[in-house]
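In what follows, every chain begins at residue 1, and chains take the letters A, B, ... in the order their sequences are listed. Please read all numbers here as calculations on a predicted model, not as lab measurements.
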Number of protein chains: 2
Amino acid sequence: MAARMKDIAVDLGLSVVTVSKALRDHPDIGEATRRRVLERATELGYQPNLTARSLVTGQSWTIGLIVPDLLHPFFAGIAKAISGDIRPHGYGLLISSSDEDAEVERQQIRHLLARQVDVIVLASTQATADGLRDMAEQRTPHILLDRRFADADAHFVGNDDEAVGALATRHLIAQGCRRIAHLRGPAVSTAAGRLAGYRQALAEHGLPPAPGHVADLGPSGDHRGEEAGYAAARRLLAMSPRPDGLFCYNDPSALGAMRAVLEMGLSIPGDIAIIGCGNLSYADFLRIPLSSIDQGAKAIGQRVADLAVSLAGTRNLVGRNLVGGNLPDRNLPAPCHVDFIPPRLVARASTLRFNEE
Amino acid sequence: MAARMKDIAVDLGLSVVTVSKALRDHPDIGEATRRRVLERATELGYQPNLTARSLVTGQSWTIGLIVPDLLHPFFAGIAKAISGDIRPHGYGLLISSSDEDAEVERQQIRHLLARQVDVIVLASTQATADGLRDMAEQRTPHILLDRRFADADAHFVGNDDEAVGALATRHLIAQGCRRIAHLRGPAVSTAAGRLAGYRQALAEHGLPPAPGHVADLGPSGDHRGEEAGYAAARRLLAMSPRPDGLFCYNDPSALGAMRAVLEMGLSIPGDIAIIGCGNLSYADFLRIPLSSIDQGAKAIGQRVADLAVSLAGTRNLVGRNLVGGNLPDRNLPAPCHVDFIPPRLVARASTLRFNEE
DNA sequence: GTGAAAGCGCTAACAA
DNA sequence: TTGTTAGCGCTTTCAC
């Protein structure tokens with residue numbers, strides 16, 4: 001079994017307290033003693049039991065992360081960045097995939113709370129902010145990732161999805177598209193935001209919003225995006241006059257749309273220009289390199305990590321012994337931090353109609 | 001703050017032990033008492049403090065996972081599968097990326113041990129099995145993932161990389177290739193295994209192994225595979241006679257190789273057939289759909305999860321109080337489990353020379 | 001500078 | 001069926 005402080009203490013004829021202080025560089029320990037302790041600790045390969053430490057300090061040095069799909073490169077990129085950036089601060093990352101299932105997500109939140117994580121980072125699948133209540137009651141700081149709630153003021157890091165939608169749509173307009181359609185994503189804030197941005201860009205340029213130009217990918221728009229994109233694009237292409245530009249909720253649905261277009265013998269971008277969102281890794285190597293909006297997953301992860309680390313110390317430990325009040329008062333410890341990472345347009349062959357780079 | 005057992009006990013005029021037993025469906029608790037406890041627990045939104053429970057039971061209900069790169073779809077897929085499959089058993093997953101850095105990996109192992117994880121799952125970047133020592137000393141079961149060590153008999157789940165290499169190479173041979181080259185990966189067991197399989201398949205068919213036909217991707221073969229593949233392929237294509245088939249360590253390097261081939265005005269698969277490994281998600285949508293070996297990431301994750309859960313109960317808690325021996329004896333609790341997930345060939349246009357599907 | 005006492009929230013053994 | 005005692009490994013007062 002692992003060595004304990006007690007083992008070191010007995011070996012050296014010291015008390016556990018002295019060992020504890022020596023190992024944590026407490027000021028009031030003699031230089032000689034400290035060295036002896038450190039030496040013996042190294043010999044034994046001593047590692048402090050973080051579980052025990054957590055129990056007494058109330059800090060677990062763990063950050064919880066819940067994402068809808070860990071295989072999605074956007075969330076995988078964020079997870080990687082968070083993991084790397086909290087590591088030097090001594091934090092560990094407890095990750096779970098909710099599989100886009102609101103019930104699983106709620107269960108995972110409770111699970112993370114039971115584990116006493118210091119902060120929860122959540123890309124929520126829920127329709128409402130109700131699921132945040134458990135965290136608020138436990139006074140566990142939480143950060144919303146990518147997806148927001150209109151009615152909750154919580155910390156948020158992600159894109160301004162209106163900006164995403166406007167950026168993509170303006171690009172299509174600049175490429176000469178005039179009948180621009182949109183493949184709309186599932187019922188989360190990102191889809192609503194991108195749709196709003198799309199409408200705003202059309203309005204700016206005096207382009208009439210044709211109602212049929214917004215096709216819904218349905219609830220499977222995220223994990224089965226390619227199929228959903230194919231089906232939705234076929235519906236759009238049957239219209240007359242045919243759209244000449246298409247802004248897709250994400251890259252997989254854009255790939256599906258491309259397949260539909262090519263199958264009909266139409267050309268991209270000549271007949272219809274297509275842009276996605278997410279900037280998937282090998283977009284350059286596709287049959288037709290896909291223009292996309294890069295969401296800056298790495299930057300998002302870094303900002304989340306910074307915020308999480310700063311919040312982790314915050315957890316309010318007072319109040320327990322004062323009164324028997326079980327329901328906490330809701331004073332939020334700090335003002336909410338809302339951090340929009342600017343999206344970036346990556347134009348490739350699927351939209352470039354004028355041979356400009 | 002969160003409710004504790006004590007709160008429930010006081011409210012109901014019971015002892016903490018009774019509450020504890022009631023909440024865990026211990027047999028010797030009266031039905032009426034149990035119901036009262038459960039009811040009050042629900043009212044208070046009680047969640048057991050798993051940190052405290054861990055301290056006393058010695059089980060943390062946590063599994064640690066260390067991968068070289070969480071953004072790599074292979075590892076992301078495994079992580080997702082593990083996470084999903086251990087969840088119903090009540091386990092959480094503590095994940096970290098080692099960034100292909102052996103020192104970071106060793107540090108993360110110590111970190112996970114300090115957190116008392118029940119099992120460590122490791123896709124190791126180390127050159128030797130030395131890094132496994134800490135886990136053995138703490139008697140923490142561990143599972144090697146994807147990458148093995150010749151000198152260590154540890155639990156392993158992954159592909160039989162010789163089979164991977166042979167499968168890919170035999171496919172090229174079947175497509176009529178006779179001068180088959182290989183882009184060799186970095187210094188881990190997967191690369192060595194795939195190379196061996198490549199050689200074996202050549203030998204089976206009496207094809208002479210030309211030494212110049214094995215080009216090294218260098219140490220960056222995993223995270224900067226595309227560039228490395230491009231550079232290595234250019235070297236190969238300068239040979240005379242030119243190779244007519246190419247088995248690449250992974251898909252990114254295959255994309256790089258494709259770029260090199262196309263830049264030279266050669267055709268794929270006419271002049272040279274190319275196959276990768278990993279079966280990246282959108283291989284079908286590439287300029288030339290890429291043949292690849294699917295490693296079965298999901299299946300690997302599932303097997304890891306099963307094994308991890310079965311191992312998690314194993315951790316030997318005896319021996320502590322018997323004698324003062326700090327160094328454990330090395331009796332391994334169970335025979336090592338080696339689980340090869342069969343790789344699967346996915347043939348696409350980049351190798352299909354005979355118009356067969 | 002060092003250590004004794006107390007306790008974090010929970011569970012395991014044993015007593016009542 | 002319920003409660004008492006003890007202790008998991010560590011940190012935090014507060015004496016000495």
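- If you measure from atom CZ of B:Arg4 to atom P of C:dC10, you get 8 Å, rounded to the nearest angstrom.
- Atom CG of B:Asp25 is separated from atom C1' of D:dT1 by 15 Å (rounded to the nearest Å).
- Among the nucleotides D:dT2, C:dG1, D:dG9, the one closest to any side-chain atom of A:Asp28 is C:dG1.
- The nearest heavy atom of DNA chain D to A:Gln47 and to B:Glu31 marks one nucleotide each, and the one closer to the 5' end goes with B:Glu31.
- A 4.5 Å side-chain heavy-atom check between B:Leu307 and B:Asp339 finds every atom pair outside the cut-off.
- Atom CZ of A:Arg53 and atom C1' of C:dG9 are 18 Å apart (whole Å).
- The side chain of A:Leu14 lies closest to C:dG3, out of D:dC10, C:dG3, C:dG1.
- Both B:Ala52 and B:Gly13 lie near DNA chain D, and the one whose nearest nucleotide falls closer to the 5' end is B:Gly13.
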For nucleotides 12-14 of chain D, print each protein N/O atom paired with a nucleotide N/O atom at under 3.5 Å, atom names and distance only.
unit_1: D:dT12; atom_1: OP2; unit_2: A:Arg24; atom_2: NH1; d: 3.0

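- Residues A:Ile86 and A:Ala305 come closest through the heavy atom pair CG2-CB, 3.8 Å.
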Verdict with supporting geometry, A:Ser124 and A:Glu105, side-chain hydrogen bond (donor to acceptor under 3.5 Å, both in side chains): CA-CA 8 Å; A:Ser124 181; A:Glu105 177 182 318; 2.6 Å; yes
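- Note on B:Thr33: a side-chain N or O is less than 4.0 Å away from OP1 or OP2 of D:dT2.
- You'll find that the side chain of A:Leu55 is closest to D:dG9, out of C:dC10, D:dG9, C:dT2.
- Regarding A:Trp61, its CH2 atom lies at a distance of 12 Å from the P atom of D:dT11, rounded to whole Å.
- Dashed line: the shortest gap from a side-chain N or O of A:Ser15 to OP1 or OP2 of C:dG3 is under 4.0 Å.
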